[in-house]
Each structure stands twice: as structure tokens, then as C-alpha cells.
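The residues of the chain are indexed from 1 along the displayed sequence.
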Amino acid sequence: MRTWTRAVPATLGALALAVVLTGCNDSGSGSETAQGGSGDRAEGDTGSEDRTTYRLGEASPPQESTLQASKGATFTVTPTKVRTGTEAEVDDSGLQLDESDGAQVPVYVWTTLTHKSGKAMAVGDMDDDLIVKTDKDERTKALVVLLGEAQWPDCPAPDTEKELSAGQSEDICSVFLVPAGRQAAAVELSQGYYADPLEWPVTS
């Protein structure tokens with residue numbers, strides 16, 4: 001079982017010893033976030049839901065899978081809690097970071113994934129469009145651990161291979177790395193290149 005499974009663009013940099021990949025820091029506008037995966041929409045289709053900002057604990061509109069194995073299935077994503085950690089937590093996690101990346105701190109995001117309709121979907125296919133935006137407008141995707149396992153306080157690695165059927169939910173925790181000194185400002189859910197991301201501001 002993979003410790004973290006998410007679609008990470010090939011342009012993202014590798015950390016030391018190929019232990020982990022992390023998302024790029026994109027300081028562009030919200031409409032220029034990393035390309036989405038399972039929740040992408042077709043060009044010109046912004047859906048019937050114009051609202052893009054939500055409170056933590058509030059579910060997204062139904063997202064439709066475009067993956068071949070679960071095409072047409074729908075699910076919701078509900079970020080419920082966000083916490084910015086410390087450099088010591090990175091040191092204690094077992095990750096080996098490249099010095100060129102500079103000091104990093106973890107951002108923990110707890111999320112409820114709910115399968116709404118259609119074919120069963122793997123947990124790891126429902127949250128691969130989540131992004132953390134910092135207070136400096138940088139954006140990063142969740143960690144992908146390639147070798148070994150990282151240990152994080154109160155944030156166990158999710159069972160990304162577990163499949164959910166309609167009506168089932170799974171609570172997971174994901175870890176994002178941001179530069180030391182930054183704080184998480186929002187959790188975003190990419191809607192692809194042609195629509196603004198959904199956003200859950202972090203207010204405390």
C-alpha cells in the first residue's frame with residue numbers, strides 16, 4: 001500500500017533520496033492552480049454552482065470523477081480542520097529534505113470524503129485535487145511518500161486504496177509542506193484550468 005497517493009505534476013521537484021515529492025509553490029491567482037485530476041470539469045463548464053467559498057466543515061458541491069475506472073461517479077470533499085505544524089515535527093517525521101528546499105513546516109488537513117453516486121471510488125482518487133494556500137499566496141499539493149513511511153502527530157496515513165460506495169464516507173488526514181514562517185490561509189479544491197478553485201479559508 002502506498003503511504004500517500006496523489007496525482008503530482010511531473011514539474012514538481014523531488015526531495016532528497018527520492019523519499020518524498022511535494023507540490024510546487026505557485027504564487028499565481030487561484031485560477032492558475034495545479035491541474036486537477038478526478039474533479040476536473042470540461043472547458044467552459046462552470047457548473048450550476050457559482051459559489052466558490054465555504055466554511056471549514058461545509059461540503060463541496062458534488063464532484064464528478066473523470067477517471068476511467070469510476071467515470072461519472074460523484075463525491076463531496078469536506079475539509080474540517082487545518083493546523084500548521086513546526087520544523088521539529090518535520091525533523092521527527094523521518095523525512096529527509098534537500099537543503100535547497102530550505103526550512104519547511106507541515107500543514108495538516110483533516111477531510112471527510114463522501115461518495116454520493118455511481119461506481120465505487122478509491123479514497124486516494126477523491127482528494128488528489130486538494131491544495132493548501134499560504135498567507136503569502138503560495139500553493140502546494142500534498143506529500144507523496146515514495147520510500148518508507150513518515151510519521152506525523154495525530155495524522156495517520158490514509159488507506160488510499162480503500163474503495164467507497166454510494167453513501168459511504170471516510171475521514172482522512174493529509175500533510176502538506178510549506179516554507180517555515182508561513183501559515184495556512186486556505187484549503188483549495190482545484191476545478192481544473194477553466195474554473196476558479198473552491199476555497200475554505202482558515203480563520204484561526
Test salt bridge (Lys or Arg N to Asp or Glu O under 4.0 Å) applied to E58 - qualifying residues, sequence neighbours left out: R51, R55

Residue pair R182, E138: steps toward the salt bridge (Lys or Arg N to Asp or Glu O under 4.0 Å) verdict: CA-CA 9 Å; R182 307 289 197 263; E138 300 154 319; 2.8 Å; yes

Close side-chain approach of P61 and Y54, heavy atoms under 4.5 Å: yes

Contact check, side chains of L198 and Q191, non-hydrogen atoms, under 4.5 Å: yes

T84 side chain to A184 backbone, donor-acceptor under 3.5 Å: yes

Pairing of K71 and E64 as salt bridge, 4.0 angstrom limit: no

Interatomic distance, S60 atom OG to E199 atom CD [nearest 0.5 angstrom]: 14.0 Å

Backbone N/O of A73 and side chain of S117: donor-acceptor pair under 3.5 Å: no

Any residue meeting salt bridge (Lys or Arg N to Asp or Glu O under 4.0 Å) with K119, in chain and number order, not counting sequence neighbours: none

Identified side-chain contact (heavy atoms from CB on, under 4.5 Å) counterpart of F176 within the set V82, V187, V105, L130: L130

Distance-minimising heavy-atom pair for P62 and T74: CB-CB, 4.3 Å

Minimum side-chain heavy-atom gap D129-Q63 below 4.5 Å: no

Between E163 and Q168: side-chain donor-acceptor atoms closer than 3.5 Å: no

Nearest heavy-atom neighbours spanning P158 and C173: CD-O, 3.7 Å

Nearest non-hydrogen partners of M121 and F75, listed with the distance: SD-CD2, 3.6 Å

Gap between atom CH2 of W200 and atom NZ of K133 - 0.5 Å precision: 12.5 Å

Side chains of S190 and I131 in contact at under 4.5 Å (non-hydrogen atoms): yes

Positive for side-chain contact (heavy atoms from CB on, under 4.5 Å) with R83, one of P153, C155, P106: P153

Euclidean distance, L189 CG relative to T76 OG1, rounded to 0.5 Å: 10.5 Å

Side-chain heavy-atom pair S174, D127 within 4.5 angstrom cut-off: yes

Minimum-distance pair of heavy atoms, taken over all atoms of T52 and P197: CB-O, 3.8 Å

Residues which pass side-chain contact (heavy atoms from CB on, under 4.5 Å) with T112, listed by chain and number, not counting sequence neighbours: T78, T80, T114, S169, D171

Check: D128 main-chain N/O paired with K141 side-chain donor or acceptor under 3.5 Å: yes

Spacing of CD belonging to E188 relative to OG1 belonging to T140, to within rounding of 0.5 Å: 11.5 Å

Flag side-chain contact, heavy atom, 4.5 Å: E170 against K162: yes

Q183 backbone acceptor or donor facing D135 side chain under 3.5 Å: yes

Step-by-step side-chain contact (heavy atoms from CB on, under 4.5 Å) determination, V107 to V175: CA-CA 6 Å; V107 172; V175 180; over 6 Å; no

Residue pair L95 / W152: nearest heavy atoms and the distance that separates them: CD1-CZ2, 3.4 Å

Sidechain-backbone polar pair: Q104 side chain, D101 backbone, donor-acceptor under 3.5 Å: yes

